[in-house]
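To keep things clear, I will list the structure first and then write my remarks on it.
Heavy atoms only: backbone and side chains are in, while hydrogens, waters and symmetry mates are out.
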Amino acid sequence: MTSEFKLQGDQVSNEILEEKDEIVRPAELDIFAIHELIAGRLVLDPQEAREEFGDEIASRLKLTKDGTKVLWPQPSDDPQDPQNWSDYKKNVQLAIITLAAIVPDFNSGIGIASVFPLAKQFDTTTGRINNLTSNWSIFLIGWGGLFFVMLIRRYGRLPILFWTQLLGLAFQVGATFAPNLKVFAAMRCLNGFFTTCPQVTGLYTITDLFPFHLQARKINIWTMGVILAPHLSPFLFGFLVARTTWRWAYGIGSLYGLLVLFLIIFFMEESMYNRYEQPVPPIQRTFTTRLMILLGITGIRNVKPNPTWSEVVISPLKVLWRPHMLSILLFEAMVFGFGIGINVTNTIFLQSPPPVGFGLDPTIVSGIYATPVIAVFIGEILGRYLNDWVMNTEIKRNNGVFKAEARLWTCYVGVTLYVTGFVILGSALQNHFNQSVVIIGWAIAQVAVLVNTVAVYAYCNDCFPRRQGEISALLNLVRTLGGFSVTYFQVPWATRHGALQTLGVEAAIVAGLFLFIIPILQWKGRFLRVSILSSRLKNTLELNILMYLLSARNAFP
């Protein structure tokens with residue numbers, strides 16, 4: 001423990017004790033709030049929990065079935081608590097939200113496969129099609145998340161998810177039958193804005209349903225859907241568009257959106273649950289109550305004064321200004337943004353005639369777009385075991401305690417793969433190497449994007465356990481803004497100076513940000529997390545818990 005960090009912990013402890021000086025008894029503590037107050041540091045070993053919290057609190061903590069780990073968050077005794085749902089029901093919810101998270105970028109990626117037929121249909125250039133439709137739809141995917149997280153916090157997960165997907169489907173159908181470019185562009189942009197909701201709701205759903213030690217694995221699955229989406233549609237529809245009209249591609253996209261909407265209507269459950277207010281009134285499972293929850297009538301009727309509109313509007317800013325959040329957002333913006341940029345511009349590189357591109361047939365290009373699809377599945381398998389290994393190693397090394405900064409160790413692997421993939425891909429595109437070299441470079445780069453992104457999501461979730469929506473919205477915003485900007489300069493830059501310089505510089509930017517951000521967060525991250533506690537001194541319940549924990553052994557390691 002560094003003396004500087006211990007000094008900060010002592011300072012926070014003194015501030016708390018000055019605010020409230022009555023004696024706090026362990027029986028009065030709410031075990032449901034402990035993991036949120038000491039954010040980023042969780043005691044997972046039962047024996048360590050007994051030593052740190054005392055016998056009285058430790059005896060109340062619920063453990064995994066094998067008794068090896070403490071469950072965070074602590075499930076209540078209520079069967080309605082999503083943490084108590086069956087594994088099958090939980091995994092169904094995860095599968096649906098993952099399929100829904102594919103929709104916005106899947107729809108946006110249809111434009112990549114259709115860019116040349118669209119330019120011919122509307123008598124314009126591929127550059128104008130990309131700038132007016134693809135780029136702006138990506139831009140609005142980012143901003144939509146910030147808006148919907150405000151509604152989610154007020155009215156619940158399920159109704160906002162239902163209405164956004166319903167409206168998004170309507171606009172996708174509008175794009176399918178658009179008579180001119182202006183209508184087509186408007187429909188695509190509105191579709192992107194509304195369908196982005198699952199990319200915010202997903203982290204809520206995972207933390208609602210799964211305990212801490214499983215969350216990184218589930219985030220890996222959900223993030224796989226987000227990263228897979230923009231690559232899946234160019235792969236599938238490149239073959240289709242080469243043989244028929246682009247409207248069929250958008251029509252199939254509409255059918256996929258309809259499938260997701262049906263799954264939400266019939267199988268998705270409201271997972272927002274307030275375990276701090278026990279007992280929770282039981283909900284009668286009838287068709288009428290299900291319909292009222294789905295449509296948002298229950299959410300409107302039961303809306304509470306807190307959080308207020310002003311609080312939900314300003315909440316993302318309260319997270320954004322934190323140094324560790326702001327720095328990791330910058331890192332993720334470049335990692336994901338350059339990855340999206342490759343996806344949007346590769347079709348230009350591969351189909352344009354020499355000397356700029358390869359001059360390949362659209363069918364061959366569609367086959368090459370299977371590369372990132374397969375790479376994402378490889379990344380999911382790698383990330384699953386890598387994240388679990390890092391977590392278990394940290395717990396063993398740290399006497400049963402997990403600290404958020406350990407999540408960032410996977411970025412060392414991710415950035416190494418990122419630089420390697422970008423350099424290979426840039427060399428292959430510039431020197432017109434064999435197509436297999438393009439495939440290898442692109443695959444390595446996409447594996448790296450998934451590994452880094454999962455680490456960033458898991459780290460932010462650990463540091464801000466009450467702000468899953470704001471975290472998702474901000475990460476969704478920066479990744480799309482990064483991809484939105486890259487498409488404007490990547491092709492012209494590569495045309496003038498070669499793809500190796502373009503992708504090499506992008507890889508160097510990511511590597512530089514990694515060196516300036518990740519090691520510093522691992523070094524000073526605990527200090528930054530502790531400083532957050534000093535802004536939470538007005539809530540009596542939190543004061544009681546913090547007073548007790550700050551007096552316990554190793555409360556601030």
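- Within the 4.5 Å cutoff, side-chain heavy atoms of Leu503 are placed close to those of Leu429.
- Contact check for Leu450 versus Val226: no side-chain heavy atoms found under the 4.5 Å cut-off.
- Note that Arg407 lies outside the cation-pi zone of Tyr459, set by a 6.0 Å cut-off to the ring centre and a 45° limit from the axis.
- Counting heavy atoms from C-beta on, the side chains of Met224 and Trp222 never come closer than 4.5 Å.
- Below 30°, between 30° and 60°, or above 60°: for Trp246 and Phe184 the angle between ring planes is above 60°, a perpendicular geometry.
- Between the side chains of Ser315 and Glu470, at least one donor N or O lies within less than 3.5 Å of an accepting N or O.
- Proximity of a side-chain donor or acceptor of Asn476 to a complementary backbone N or O of Gln199 within less than 3.5 Å is not detected.
- Between Glu332 and Val456, the shortest heavy-atom distance links the atoms OE1-CG2, 3.8 Å.
- Annotation: side chain of Leu151 is in contact with side chain of Phe148 (closest heavy-atom distance under 4.5 Å).
- Between Trp85 and Glu269, the closest heavy-atom pair is CH2-CB, 3.7 Å.
- One N or O on the side chain of Asn220 and one on the backbone of Glu380 form a donor-acceptor pair closer than 3.5 Å.
- With hydrogens and angles ignored, the 3.5 Å screen pairs no side-chain donor or acceptor of Asn461 with any backbone N or O of Tyr457.
- In this structure, Leu161 and Met268 have side chains that are in contact, with non-hydrogen atoms separated by less than 4.5 Å.
- Side-chain contact between Phe193 and Ser137 is absent, with no heavy-atom pair separated by less than 4.5 Å.
- Of the possible donor and acceptor atoms, none in the side chain of Ser108 sits under 3.5 Å from a partner among the backbone N and O of Pro104.
- In this structure, Arg384 contributes its side chain and Arg217 its backbone to no donor-acceptor pair below 3.5 Å.
- For Lys90 (side chain) and Leu209 (main-chain N/O), a donor-acceptor pair under 3.5 Å exists by modelled atom type.
- Side-chain contact between Tyr250 and Phe177 is absent, with no heavy atoms from C-beta onward closer than 4.5 Å.
- Side chain of Glu270 to main chain of Leu158: a donor-acceptor pair is present (N/O by atom type, distance under 3.5 Å, no hydrogens or angles).
- Tyr273 and Asp78 are linked by a side-chain donor-acceptor pair at a separation below 3.5 angstrom, with hydrogens and angles left out of the test.
- A cation-pi geometry, defined here as NZ or CZ lying under 6.0 Å from the six-membered ring centre and within 45° of its normal, does not hold between Arg188 and Trp136.
- When atom types are taken as modelled, the side chain of Lys62 and the backbone of Ser76 share a donor-acceptor pair closer than 3.5 angstrom.
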request  = Start with the C-alpha distance between Ile160 and Thr201, add both sets of side-chain angles, then the distance that settles side-chain contact (heavy atoms from CB on, under 4.5 Å), and finish with yes or no.
outcome  = CA-CA 9 Å; Ile160 306 305; Thr201 315; over 6 Å; no
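- Looking only at distances, no side-chain donor or acceptor of Gln468 sits under 3.5 Å from a matching main-chain atom of Thr207.
- You'll find the side chain of Phe237 stays beyond 4.5 Å of the side chain of Trp248, heavy atoms only.
- Side-chain atoms of Thr289 come within 3.5 Å of backbone atoms of Thr286 as a donor-acceptor pair (strictly under, hydrogens ignored).
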